[in-house]
Enquirer: 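Dumping the structure here so I can ask a few things about it.
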Amino acid sequence: MQFTINQLAELLEGEVIGNGESTVDKIGPLDKAGPGTISFLHNPKYEAQLYTTKAEAVIVNKNLQLKQPVQTALIAVDDPYSSLTLLLKQYQKLTEPVKEGVEEPSYISSDVTVGDSVYRGAFSYIGKGSRIGNHVKLYPQVYIGDNVTIGDNTVIFSGAKIYSKSVIGKNCVIHAGAIIGSDGFGFAPQPDGSYESIPQVGNVILEDGVNVGANTTIDCGTMESTVIKKGAKLDNLIQVAHNVEIGEHTAIAAQAGISGSTKVGKNCIIAGQAGITGHLTIADQVTLGAQAGIGKSIKKSGAILLGSPAFEIMDYKRSYAVFKNLPNMAKRINDVEKKVLNLPPSEK
Amino acid sequence: MQFTINQLAELLEGEVIGNGESTVDKIGPLDKAGPGTISFLHNPKYEAQLYTTKAEAVIVNKNLQLKQPVQTALIAVDDPYSSLTLLLKQYQKLTEPVKEGVEEPSYISSDVTVGDSVYRGAFSYIGKGSRIGNHVKLYPQVYIGDNVTIGDNTVIFSGAKIYSKSVIGKNCVIHAGAIIGSDGFGFAPQPDGSYESIPQVGNVILEDGVNVGANTTIDCGTMESTVIKKGAKLDNLIQVAHNVEIGEHTAIAAQAGISGSTKVGKNCIIAGQAGITGHLTIADQVTLGAQAGIGKSIKKSGAILLGSPAFEIMDYKRSYAVFKNLPNMAKRINDVEKKVLNLPPSEK
Amino acid sequence: MQFTINQLAELLEGEVIGNGESTVDKIGPLDKAGPGTISFLHNPKYEAQLYTTKAEAVIVNKNLQLKQPVQTALIAVDDPYSSLTLLLKQYQKLTEPVKEGVEEPSYISSDVTVGDSVYRGAFSYIGKGSRIGNHVKLYPQVYIGDNVTIGDNTVIFSGAKIYSKSVIGKNCVIHAGAIIGSDGFGFAPQPDGSYESIPQVGNVILEDGVNVGANTTIDCGTMESTVIKKGAKLDNLIQVAHNVEIGEHTAIAAQAGISGSTKVGKNCIIAGQAGITGHLTIADQVTLGAQAGIGKSIKKSGAILLGSPAFEIMDYKRSYAVFKNLPNMAKRINDVEKKVLNLPPSEK
């Protein structure tokens, strides 16, 4: 399906600079785009590519000051990132088929309620007493345990496993291989050095609009619920332990881990491979850098931390700059020591 | 199902302080408990909640000295944690249905032996020559390869994959998405920079009472067995490489990784996101802190290490305290240097 | 099946030292081998085991100088590692049955092309328009989305999930639970603090001879392809984010993570739990140590880095050696300061 650049500019409420009559039929990145492709510039880091791209048109910020002439048409908009999102949504609608209906064999237990226009892929499983909302998509090999609730429009990709008693909100997306509601890691040490399992009888609650990445694991609460609040976004391979609470619109990057009973505030950003130990409270709008290790509660809203154990990011960077220079500093201390110790006795 | 506090105190061999006649029907955490709920206090960190909780009754240590009056009944016991475990076990028995029998379609190859009272969920698969013990539960979409042995009472949750030749003991629990027996990462570098795969023909042995968390991966040995010994407890998203041996009753937290051919002693505790490189030996009762990186064998039983590369935890903390202060120290060295170098020439 | 040591020496083009007439029927490691077992010595670290092993025969480097007499026969070869690989391949061929044919129930959509001698395990799923090459093995519970291409001889183990539009080359191995083509983590922050999902309409391309470990996740590109080039080897539980490119014959160890749009060169080695942030370029033949954190592009081919943030490994080790000694250094600065400040005023 083809569109003129003028048509797309109208959709995006942008202004065309250059030839608006040529047509595009794909979306692609600046450095790989060719004729017929529309691209976008959001990250200033890539501005140089704007002057060499072969894209038919590029979506740019209307405040952009061109430093060189361009070969491509431009669509100047308020926010290129949002425009791209809008465009990709249209593209996805036009190119990806809607999954609906039931593929056989699939398994459905007794006392299950299933809403309208649901997709149940082959080899998907729904346990006793579960309730599945309207327009839910369960891809092949998905497992839904007993007494699970899934809200409207939620999509669960192939092979994700939802343990019994989980409560999943509306408009959630759960990617392939994610595990929701597995037992928390709770073991009572015994006098002989062995461990006794502490039964985990709680559940997991995902509120509306939560995204869970591929192979991420979220354990059920011991007696209560592990809760991921409205709009939180979790990337791949993340560990969320029992009794944890993640605040609204908090974003967590891949391979981060949150230990048991920790409460993370809202609108936080947790970078990749960061770890938070158990029983802590993290304030709202906190940012944790990649590989940060958090061993204490963070009370200051908006704090940005780095290091393991982490502290304020600018302080960390200053300490680390000296760290890189430590062998030189050691030598200087040696020199000073020698000099001071060599002072003749009378000097003291 | 309701119980009086007196009844529960009898079960737990504890002493009731307050009204033993009121009834409870649920278990919950101190800060969220309401009427009809029994709770517990184990971690002193949460003692303040004891004085404000709305729980009907709270299990406490019999040595606890109350600092304020409480609104709730108390059950004083020797060990609140063990009492909670006992209570949760009873609760689980009463509330969770026992899975048994076969759901169809499921797949069973030739020459398979299946014990009594086994649960085989829909879309589960059992390969040729495998032997499944009594009371084993294979949840939906579990895969058991060829010639696998599964001991009595072992539970394997949805979607876990057990490669051929694995030997799983009795009373093990394997959570959803765990992978047992995938190929070890073994590649012989070739002169042209490419790699040739080294076939991995060993297997994995889990001894009795081992727990494996969700999406944890345990590779098979190259020629021998990767062995997880009796009672070891592994959390989620852990990597155990080929030929590794994990000692009895060692507990490993989420996202930790053990590289090839390393032998970890018994009764060790490995915290989250810690990593151990290959071909090492770790003594018994060693504790590794979160995100610790181990590059050398640890010979001292009972050692506690932190850092990457890790060393003795108190030494690490002392070094890290100075690290946080390095910019100040750099300034002081500058000042001292200036002062010493400014000494008049005659002083030297 | 039994072979004489002489027969194996002929296969490996090696020279027998000792009794070539005795027979072996298994392969095993030096420290666990017994009569009838052939073993090998590659890592000099284990040479002591050569003098105590009960193996029937041991493959050794022909340049090895024996330090003590041995009880076992030796097969002296140019490269014990390659000889072992060859031997293990033969062993695997003889002992592991070839999977072929279709197990039912399995699911195959319309417009699917399947090559010759393919294995489609029970509960495997193939989406619309997909093309499966010759000799491909799809183990039970594998999911292949729509319009996927799988090259000849590729093996996909149980429960791996391949999203729509993925392109998988020839001779690839994808282990259980790996997820190929899940959505990239792309969200546009909104003024109210919430996130809007950016549709991810790209795909994943694995070139020929790529290995993907168990439960590793590779996200699809936003508009383009995430590409893993020829012969790259990925271990378990690795995260590869959207738009990433991994160069030819690069090896990545378990639990490492590569953030979005980063390009990793060829013949690199990335150790376990290392992390690379987004939008970087890593030169060829770079080595990253375990738990290294990379925040800047690496331009120097062959660089070896350690630390978080990482820098040149020898410099890191020197700095870390001083770090371990920081409390002592702090004390020495205090002493020097006192001494210098105690100088009588006239000294200044």
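Letters A, B, ... are given to chains in the order of the sequence lines, protein chains preceding strands, and every chain is numbered from 1.
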Enquirer: Could you tell me which portion of B/Ala274 (side chain, backbone, both or neither) has an atom closer than 4.5 angstrom to a non-hydrogen atom of chain C?
Expert: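 For B/Ala274, the backbone is the part near chain C, not the side chain.
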Enquirer: With a distance cut-off below 6.0 Å to the six-membered ring centre and an angular limit of 45° from the axis, does C/Lys324 pair with B/Phe311 as a cation-pi contact?
Expert: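 Checked: cation-pi criterion met.
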Enquirer: Could you check which of B/Arg318, B/Gln141, B/Gln200, B/Lys128 has the highest count of heavy-atom pairs closer than 4.5 Å to chain C?
Expert: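 The answer is B/Gln141.
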Enquirer: Select one option (side chain, backbone, both, neither) describing which atoms of B/Leu326 are under 4.5 Å from chain C's heavy atoms.
Expert: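 Interface part for B/Leu326: side chain.
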Enquirer: Tell me if the NZ atom of C/Lys32 is crowded by more than 12 foreign heavy atoms within 6.0 Å.
Expert: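 Count over threshold, so yes.
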Enquirer: Kindly give the heavy-atom pair with the smallest separation between B/Ser308 and C/Tyr316, and that separation in Å.
Expert: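 That would be O-OH, 3.3 Å.
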Enquirer: Would you indicate whether the side-chain heavy atoms of C/Asn211 and B/Ser197 approach each other to under 4.5 Å?
Expert: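 Yes; the side chains approach each other to less than 4.5 Å.
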Enquirer: Using non-hydrogen atoms and a 4.5 Å limit, figure out which bit of B/Val240 sits close to chain C: side chain, backbone, both or neither.
Expert: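 Neither the backbone nor the side chain of B/Val240 comes within 4.5 Å of chain C.
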Enquirer: How far apart are the closest heavy atoms of B/Phe185 and C/Leu234, and which atoms are they?
Expert: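 Shortest heavy-atom separation between B/Phe185 and C/Leu234 comes out as CE1-C, 3.5 Å.
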Enquirer: What option among B/Lys161, B/Lys165, B/Gln291 has the most heavy-atom pairs under 4.5 Å with chain C?
Expert: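 So the answer, after comparing B/Lys161, B/Lys165, B/Gln291, is B/Lys161.
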Enquirer: Side chains of B/Met223 and C/Leu88, heavy atoms from C-beta outward: is any pair under 4.5 Å?
Expert: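 Yes, side chains in contact.
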Enquirer: In terms of heavy-atom pairs under 4.5 Å, which option from B/Ala160, B/Gly202, B/Ser124 contacts chain C the most?
Expert: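 Of the options given, most contacts go to B/Ser124.
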Enquirer: Is a side-chain donor or acceptor of C/Glu248 paired with a backbone partner of B/Ser194 at a separation under 3.5 angstrom?
Expert: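 Such a contact is absent between C/Glu248 side chain and B/Ser194 backbone.
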Enquirer: Which answer fits B/Asp146, side chain, backbone, both or neither, if we ask what part of it has an atom under 4.5 Å from a heavy atom of chain C?
Expert: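 The side chain, not the backbone.
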Enquirer: In terms of heavy-atom pairs under 4.5 Å, which option from B/Gly293, B/Gly186, B/Pro309, B/Ala178 contacts chain C the most?
Expert: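 Highest number of heavy-atom pairs under 4.5 Å: B/Pro309.
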Enquirer: Quick one: are C/Gln255 and B/Gln273 in side-chain contact, heavy atoms under 4.5 Å?
Expert: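 No; the side chains remain at least 4.5 Å from each other.
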Enquirer: Is B/Tyr320 close to chain C through its backbone or its side chain, or both, or neither, when contacts mean heavy atoms under 4.5 Å?
Expert: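 Both parts, backbone and side chain.
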Enquirer: Can you say whether B/Ala256 sits under 4.5 Å from chain C via the side chain, the backbone, both, or neither, judging by heavy atoms?
Expert: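 Contact with chain C: backbone only.
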Enquirer: Flag the pair C/Asp235 / B/Gln239 as yes when at least one side-chain heavy-atom distance between them is below 4.5 Å, and no otherwise.
Expert: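 They are in contact (side-chain heavy atoms under 4.5 Å apart), so the answer is yes.
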Enquirer: Between B/Tyr107 and C/Pro140, is any pair of side-chain heavy atoms under 4.5 Å apart?
Expert: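 They are not in side-chain contact.
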Enquirer: Just so I know, are the side chains of C/Ile27 and B/Val201 near enough to count as touching, which here means a heavy-atom distance under 4.5 Å?
Expert: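 Sidechains of B/Val201 and C/Ile27: no contact.
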Enquirer: Just so I understand: if I count every heavy-atom pair under 4.5 Å between each of B/Ser182, B/Ser109, B/Ala241, B/Ser164 and chain C, which residue has the most?
Expert: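 Max contact count across the listed options: B/Ser182.
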Enquirer: Measure the CD1-CG distance between C/Ile333 and B/Asp335 for me, rounded to the nearest 0.5 Å.
Expert: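 The CD1 atom of C/Ile333 sits 11.0 Å away from the CG atom of B/Asp335.
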Enquirer: Short question: side chain of C/Asn215, backbone of B/Asn215 - any donor-acceptor pair under 3.5 Å?
Expert: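 Yes, the answer is positive, given that a donor and an acceptor are paired below the 3.5 Å cut-off.
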Enquirer: Under 4.5 Å from any heavy atom of chain C, what part of B/Ser259 do you find: side chain, backbone, both or neither?
Expert: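 Neither part; nothing is under 4.5 Å.
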Enquirer: Are any side-chain N or O atoms of B/Ser319 and backbone N or O atoms of C/Phe323, one a donor and one an acceptor, separated by less than 3.5 Å?
Expert: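 Yes, B/Ser319 side chain to C/Phe323 backbone: donor-acceptor pair under 3.5 Å.
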Enquirer: Going by distance alone, is a donor N or O of one side chain under 3.5 Å from an acceptor N or O of the other, for C/Glu103 and B/Tyr125?
Expert: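 Present: a donor and an acceptor within the cut-off.
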Enquirer: Under the side-chain contact (heavy atoms from CB on, under 4.5 Å) test against C/His175, which residue among B/Asp183, B/Asp219, B/Thr217 passes?
Expert: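 By the side-chain contact (heavy atoms from CB on, under 4.5 Å) criterion, C/His175 pairs with just one of B/Asp183, B/Asp219, B/Thr217: B/Asp183.
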Enquirer: With sequence neighbours left out, which residue pairs that include part of residues 80-90 of chain C fulfil the salt bridge (charged side-chain N to carboxylate O under 4.0 Å, His left out) condition?
Expert: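 For residues 80-90 of chain C: B/Glu196-C/Lys89.
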Enquirer: When rounded to the nearest 0.5 angstrom, what is the spacing between OG in C/Ser158 and CD1 in B/Ile162?
Expert: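 Spacing of OG (C/Ser158) from CD1 (B/Ile162) equals 9.5 Å.
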Enquirer: What option among B/Asp315, B/Leu237, B/Thr216, B/Asn325 has the most heavy-atom pairs under 4.5 Å with chain C?
Expert: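 Maximum pair count with chain C is reached by B/Leu237.
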Enquirer: With the side chain counted from C-beta on, respond yes when B/Glu337 and C/Val336 share a heavy-atom pair under 4.5 Å apart, and no when they do not.
Expert: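 B/Glu337 does not reach C/Val336 side chain to side chain.
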Enquirer: What pairs with B/Ala188 under side-chain contact (heavy atoms from CB on, under 4.5 Å), at least two apart in sequence or on another chain?
Expert: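 If we apply the side-chain contact (heavy atoms from CB on, under 4.5 Å) test to B/Ala188, skipping adjacent residues, the hits are B/Gln190, B/Ile198, C/Tyr81, C/Thr85.
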Enquirer: Can you check whether C/Asn43 reaches B/His279 side chain to side chain, under 4.5 Å on heavy atoms?
Expert: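 Yes; the side chains approach each other to less than 4.5 Å.
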